[in-house]
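Letters A, B, ... mirror the listed sequences (proteins, then strands); counts begin at 1. Hydrogens, waters and symmetry mates are skipped; everything else that's a heavy atom, side chains included, is used. All values reported here derive from a predicted model rather than from experimental measurement.
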Protein chains: 2
Amino acid sequence: MRYTIKDIAKITGYSVATISRALSGKDGVSEEKRKEILRIIDQLGYIPNQSARRLRSKETKNILVMIPDIENYFFNKLIKGIEKEAREKGYNIILGDFSDSQEIEEEYYRMMKGQIADGILIVGSLSEPQRIVEISRQFPMVVISDYFSDELVTVCVDNFKAAYDATMFLYKCGYRRIAKITGKIGAMLSQDRLKGYKMALENLGLNCDEKYIKYGDFKYESGYKLAKELLSAKSYPDAIFCSNDEMAIGACDAAKELGFSIPDELGVMGFDDIELSSMVTPKITTVHQPRYEMGRLAAQLLINILTGKEVSKGKYILDASIVPRDSTRNANITK
Amino acid sequence: MRYTIKDIAKITGYSVATISRALSGKDGVSEEKRKEILRIIDQLGYIPNQSARRLRSKETKNILVMIPDIENYFFNKLIKGIEKEAREKGYNIILGDFSDSQEIEEEYYRMMKGQIADGILIVGSLSEPQRIVEISRQFPMVVISDYFSDELVTVCVDNFKAAYDATMFLYKCGYRRIAKITGKIGAMLSQDRLKGYKMALENLGLNCDEKYIKYGDFKYESGYKLAKELLSAKSYPDAIFCSNDEMAIGACDAAKELGFSIPDELGVMGFDDIELSSMVTPKITTVHQPRYEMGRLAAQLLINILTGKEVSKGKYILDASIVPRDSTRNANITK
DNA sequence: TTGAAAGCGCTAACAC
DNA sequence: GTGTTAGCGCTTTCAA
């Protein structure tokens with residue numbers, strides 16, 4: 001038997017309104033009555049029906065979290081941060097994994113019209129920026145990603161700066177012929193990471209040879225393949241800066257196959273600091289993104305929007321940091 | 001502006017009831033009217049309010065998926081399978097990641113009383129079997145795990161048989177002093193995998209030395225540490241069968257550090273076939289669990305229960321298979 | 001085949 | 001401070 005608020009009213013002898021007030025924490029009930037009512041409710045194990053609440057109050061207390069592919073190691077920690085923040089604030093997460101299918105992604109946005117959630121947290125998307133902005137005009141939204149519109153609330157790291165710093169780091173390790181394998185170049189963050197790399201080279205007075213820039217797609221295979229290309233050329237690089245860890249791992253495997261010793265003959269730098277990067281051999285030197293914190297902050301911002309708090313649009317930038325591991329020489333020893 | 005069914009009624013000129021019927025697919029409307037109505041609805045982009053539907057029909061069309069820790073690589077593919085099946089059948093997934101906290105796990109079960117979902121899919125749990133059975137009496141439930149009660153609907157592989165086969169495989173590869181690192185021994189599946197191992201040794205006429213059995217906890221560190229113990233003993237094994245891949249990777253790292261060459265001097269076998277196992281060096285020979293299929297099947301069973309179809313309790317067993325990779329010798333060459 | 005209307009369980013406006 | 005009641009948007013029973 002599941003109780004309704006009417007049952008509780010009957011049992012306690014108060015009206016449904018009083019029960020509702022006691023439950024909501026709003027005032028309109030004397031403190032002692034509230035205590036008494038809550039005690040009985042607790043005893044009975046009564047939990048208000050969410051659908052009724054939602055119907056009445058126009059709130060679902062759900063957040064739709066859009067994820068391109070939950071199998072992608074990058075997203076785990078983000079979700080974790082989102083989950084924690086959401087749960088603590090009384091929200092549940094509806095998992096919007098769309099398996100890298102734009103069609104499924106749209107399906108979820110359509111569902112939003114049926115009020116399955118109060119807001120959307122976009123952890124990743126295949127849609128054009130324009131489309132995202134469009135949806136953000138229909139539903140409360142926070143985006144974790146690079147920044148592509150003043151109209152959005154965005155959580156991200158400064159990809160340009162992080163890439164700049166990473167390139168500088170490789171230089172400090174003694175590498176001079178630094179190549180780059182980019183991510184999908186359509187993504188703003190790929191461009192930012194590329195720009196940061198270029199700017200660093202420029203400031204270092206190293207000339208930026210276009211042959212040293214290869215265009216990948218964030219996948220292991222592209223890192224592997226493009227590293228082979230780079231290392232098979234007659235003027236091969238002595239370091240490769242990959243725009244994510246998976247490609248960096250691919251690059252390492254390619255280098256190993258070609259007989260390059262890492263980190264002496266070749267330095268490899270990744271980006272993201274997924275867990276995997278410290279589980280492979282060699283452990284990958286990389287740029288750490290505070291994904292858990294990014295998730296929490298994004299959820300916090302969204303919930304603030306949902307609860308009517310003032311949230312200014314624009315970028316919310318968290319710090320990235322370099323994690324030296326075994327795929328680069330020690331920056332201190334070599335200068 | 002968001003439409004309600006009343007708006008649609010007004011616009012089309014039909015009654016609310018007719019709209020509802022057209023939408024639900026049940027009969028009571030003439031085919032042409034239905035078509036007309038659906039066309040208009042589609043044009044307008046009307047989607048019925050889920051909360052109202054739920055309140056009325058006592059269905060949430062949500063499935064609560066309980067996951068100990070989404071960062072654990074084992075669960076990704078399972079969720080994927082669940083998501084696919086659920087979405088296709090019109091269900092959404094509420095993510096019940098409880099971060100290995102039994103308290104949070106219970107919090108989610110409590111939420112169920114507020115009808116946040118129609119049923120529970122337990123991908124993993126920290127609760128006693130008894131508690132799971134208790135909850136399964138309150139809510140529709142399917143469990144992905146080893147089997148611990150006739151009262152539950154359970155999806156799993158035959159861990160005993162898989163471990164038996166894996167041990168046999170090691171033998172066929174020419175290994176004779178086969179050690180075992182178990183998972184958390186409280187878990188039924190750890191016991192089954194241990195039993196399968198023992199049975200294989202017995203049938204092979206190899207004596208099962210208790211010194212060759214180490215009790216781990218599924219973590220990389222325990223694989224690493226226990227492998228070191230095994231390999232430092234005076235009569236060290238020539239193969240280690242770990243009860244999951246993470247421990248197998250730990251064992252490989254330990255072996256490498258001690259100067260053992262894999263797979264010649266030492267064979268290592270894992271279990272699960274997480275993606276990681278083919279990304280490390282050496283690639284781990286392991287027992288493949290069809291996780292995607294397990295997820296789909298489990299979701300299917302749960303939805304069948306929810307839609308009133310007959311689902312018999314008990315085990316639903318999928319096949320595991322051995323994936324030979326680089327951490328064992330070739331079974332064909334050595335005999 | 002179609003429409004009117006009750007009512008799911010709750011919140012909040014209103015009355016006392 | 002407390003109770004009465006309308007009504008959120010839908011499904012479904014009942015009547016036509």
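- Qualifying ring-ring contact (aromatic ring centres under 6.0 Å, His included) partners for A:Tyr73, counting only residues two or more places apart in sequence or in other chains: B:Tyr73.
- Between the side chains of A:Ser136 and A:Glu151, no donor-acceptor pair of N or O atoms lies under 3.5 Å.
- Judged as a salt bridge (charged side-chain N to carboxylate O under 4.0 Å, His left out), and not counting sequence neighbours, the contacts of B:Glu106 are B:Arg131.
- The distance between atom CZ of A:Arg21 and atom C1' of C:dT11, rounded to the nearest whole Å, is 10 Å.
- Pairs passing the salt bridge (charged side-chain N to carboxylate O under 4.0 Å, His left out) check and including a residue from residues 42-58 of chain A, sequence neighbours excluded, do not occur.
- Atom CD1 of B:Ile5 and atom C1' of D:dT12 are 11 Å apart (whole Å).
- Put simply, CG on A:Leu23 is 12 Å from P on C:dA12, counting in whole angstrom units.
- For B:Gln50 (side chain) and B:Pro48 (main-chain N/O), a donor-acceptor pair under 3.5 Å exists by modelled atom type.
- Of the residues in residues 9-20 of chain A, those with a non-hydrogen atom less than 4.0 angstrom from any atom of DNA chain D are A:Tyr14, A:Ser15, A:Val16, A:Ala17, A:Thr18.
- Within the structure, a side-chain polar atom (N or O) of B:Lys58 is placed less than 4.0 Å from OP1 or OP2 of C:dG9.
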Would you give me the side-chain donor-acceptor pairs under 3.5 Å for residues 302-309 of chain A, sequence neighbours excluded?
{"residue": "A:Thr307", "atom": "OG1", "partner": "A:Ile303", "partner atom": "O", "Å": "2.7"}
{"residue": "A:Thr307", "atom": "OG1", "partner": "A:Asn304", "partner atom": "O", "Å": "3.2"}

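- One interatomic measurement links the two molecules: CD of B:Glu59 to P of C:dG9, which rounds to 15 Å at whole-angstrom precision.
- Partners of A:Asp118 by side chain to side chain donor-acceptor pair (under 3.5 Å), not counting sequence neighbours, listed by chain and number: A:Thr60.
- Rounded to whole Å, the distance from NZ on B:Lys61 to P on D:dC10 is 16 Å.
- In this structure, A:Tyr3 places its OH atom 19 Å from C1' of C:dC10, rounding to the nearest Å.
- The salt bridge (charged side-chain N to carboxylate O under 4.0 Å, His left out) analysis of residues 60-86 of chain A, with sequence neighbours excluded, yields the pairs A:Asp69-B:Lys80, A:Glu71-B:Lys77, A:Lys77-B:Glu71, A:Lys80-B:Asp69, A:Lys80-B:Asp97, A:Glu83-A:Arg87, A:Lys84-A:Glu88, A:Glu85-A:Lys89, A:Glu85-A:Arg296.
- In this structure, NZ of B:Lys6 is placed 12 Å from P of C:dA4, rounded to the nearest angstrom.
- By the side-chain contact (heavy atoms from CB on, under 4.5 Å) test, A:Thr12 is found to be paired with A:Ile8, A:Tyr14, A:Ile19, A:Ile40, residues two or more places apart in sequence or in another chain being considered.
- One can place CD1 of A:Ile8 at 12 Å from P of C:dT11, the figure rounded to the nearest angstrom.
- In the region residues 34-54 of chain B, proximity to DNA chain C at under 4.0 angstrom, judged on heavy atoms, holds for none of the residues.
- Ranked by how close their nearest DNA chain C nucleotide is to the 5' end, B:Glu31 and B:Arg56 are led by B:Glu31.
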